[in-house]
Amino acid sequence: MTRLTRSERQAQTRAALLDTAGEVFLARGFAGASVEEITARAGFTRGAFYSNFASKEELLTELLHARVYDSYARMAEERLTHPESQPTMRETGEQLARLQRTEGGEKLLGLWLELLTQAGRSEDARGLAATFWSGNRELMANLARAAFAAQGREPPGDPKALATALIALDVGLSVQRYVDPDEVPLSLWPDLFELLFGPYAPNG
């Protein structure tokens, strides 16, 4: 049997802690989940936990990236490979609406909101929460620059500000749907992305 390297063992430990944390967080919420329960269920010690994650907030942040936010980054990265041929804003809204159907998506959104509450109390948690948008905002801004340049056009505004507005609409709809799903159906994503951003899109 091939022996694992130290980095491979650490990667396995992190993956096991993330998988177990997902179960515990979804069952108990952020406040109800403890490092002790996560490590015990994963078969590790507290020392193993803290050699991989600085805090419970950091673990939850990585879990949310893996389950949700990295999907947004992959979407932007794929589009950057063909900036000359971009989907319409309606198609973008449809794709974002599909991401809302992630398995356990409602509970994951609840965990995200709990982490944002922690961000109001802790600079460290605030910095972790900011990572949900900082990388994606830059990717989307680069995509806007490339897409408009491919058509020989200037963006209608600062690309980073446009990216921030697109994120704000998606996040705002997500939060409203979380608390009032009957009033905020998934069909609003394509409708509003087309209405508010369609006239300014590079393929508009």
Side-chain angles (χ1 to χ4, degrees), residues 1-78 95-140 167-168 170-181 184 186:
M1 180 181 295
T2 304
R3 294 184 62 182
L4 298 176
T5 65
R6 181 180 179 184
S7 62
E8 288 172 335
R9 288 196 304 273
Q10 185 171 26
Q12 283 192 347
T13 300
R14 286 179 71 87
L17 286 169
L18 280 167
D19 285 343
T20 303
E23 298 170 5
V24 177
F25 280 133
L26 291 175
R28 304 193 185 283
F30 178 79
S34 67
V35 171
E36 288 76 15
E37 181 176 3
I38 292 168
T39 53
R41 287 180 59 169
F44 297 107
T45 63
R46 282 174 60 89
F49 178 93
Y50 285 109
S51 68
N52 284 278
F53 302 100
S55 64
K56 192 169 67 167
E57 289 86 352
E58 184 179 297
L59 173 59
L60 177 56
T61 300
E62 186 162 332
L63 177 68
L64 289 170
H65 272 291
R67 298 278 179 92
V68 182
Y69 279 90
D70 287 355
S71 298
Y72 291 85
R74 286 192 295 271
M75 186 171 77
E77 287 166 351
E78 287 169 5
Q95 189 168 5
L96 292 172
R98 285 194 293 273
L99 290 177
Q100 297 294 316
R101 299 191 183 99
T102 303
E103 184 178 355
E106 185 172 320
K107 288 187 176 181
L108 288 169
L109 182 57
L111 288 169
W112 171 76
L113 291 171
E114 287 192 74
L115 184 60
L116 291 190
T117 300
Q118 294 298 114
R121 304 177 182 134
S122 160
E123 284 288 341
D124 288 341
R126 187 174 303 151
L128 289 168
T131 66
F132 293 131
W133 301 295
S134 55
N136 287 346
R137 183 184 295 114
E138 194 60 44
L139 276 171
M140 291 168 63
I167 291 169
D170 182 45
V171 170
L173 288 172
S174 299
V175 173
Q176 290 184 67
R177 179 173 171 77
Y178 180 73
V179 298
D180 199 3
V184 188
L186 290 173

Identify, with sequence neighbours excluded, every residue that meets side-chain contact (heavy atoms from CB on, under 4.5 Å) alongside A16.
F44
Could you list the residues that satisfy side-chain contact (heavy atoms from CB on, under 4.5 Å) with T5, not counting sequence neighbours?
S7, E8
Any pair with a residue in residues 40-52 that passes salt bridge (Lys or Arg N to Asp or Glu O under 4.0 Å), sequence neighbours left out, goes on the list, sorted by first then second residue, please.
E23-R41, E36-R46, E37-R41
The single option from V68, L18, L115 passing side chain to side chain contact (heavy atoms under 4.5 Å, CB included) against L63:
L18
Could you work out, with side-chain contact (heavy atoms from CB on, under 4.5 Å) as the rule, every residue matching D70, not counting sequence neighbours?
H65, R74
L173 and V184: which non-hydrogen atoms are nearest, and at how many Å?
O-CG1, 3.8 Å
Not counting sequence neighbours, which residues clear ring-ring contact (aromatic ring centres under 6.0 Å, His included) with F53? List them please.
F49
Are R67 and W112 close enough that some pair of their side-chain heavy atoms sits under 4.5 Å apart?
no
With heavy-atom distances below 4.5 Å as the criterion, would you say the side chains of L26 and L108 are in contact?
yes
So do E57 and F30 actually touch side chain to side chain, heavy atoms under 4.5 Å?
yes
Mind checking what makes side chain to side chain donor-acceptor pair (under 3.5 Å) contact with R14, not counting sequence neighbours?
E62
Quick one, Y72 and L96 - any side-chain contact, counting heavy atoms below 4.5 Å?
yes
Between A33 and V24 the two heavy atoms that sit nearest each other are CB-CG1, 3.6 Å
Looking at A76 and L139, what are the two nearest heavy atoms and their distance?
CB-CB, 3.9 Å
Set of side-chain contact (heavy atoms from CB on, under 4.5 Å) partners for S51, sequence neighbours left out
none
Quick one: side chain to side chain donor-acceptor pair (under 3.5 Å) partners of R9, sequence neighbours excluded?
none
To the nearest 0.5 Å, what is the distance between CZ on R177 and CG on L109?
10.5 Å
Does the side chain to side chain donor-acceptor pair (under 3.5 Å) test come out yes or no for Q118 and R121, once each step is laid out?
CA-CA 5 Å; Q118 294 298 114; R121 304 177 182 134; 2.8 Å; yes
Run the side chain to side chain donor-acceptor pair (under 3.5 Å) test against E114 and tell me which residues pass, sequence neighbours left out.
none
Partners passing side chain to side chain donor-acceptor pair (under 3.5 Å) against E106 (at least two apart in sequence or in another chain)
none
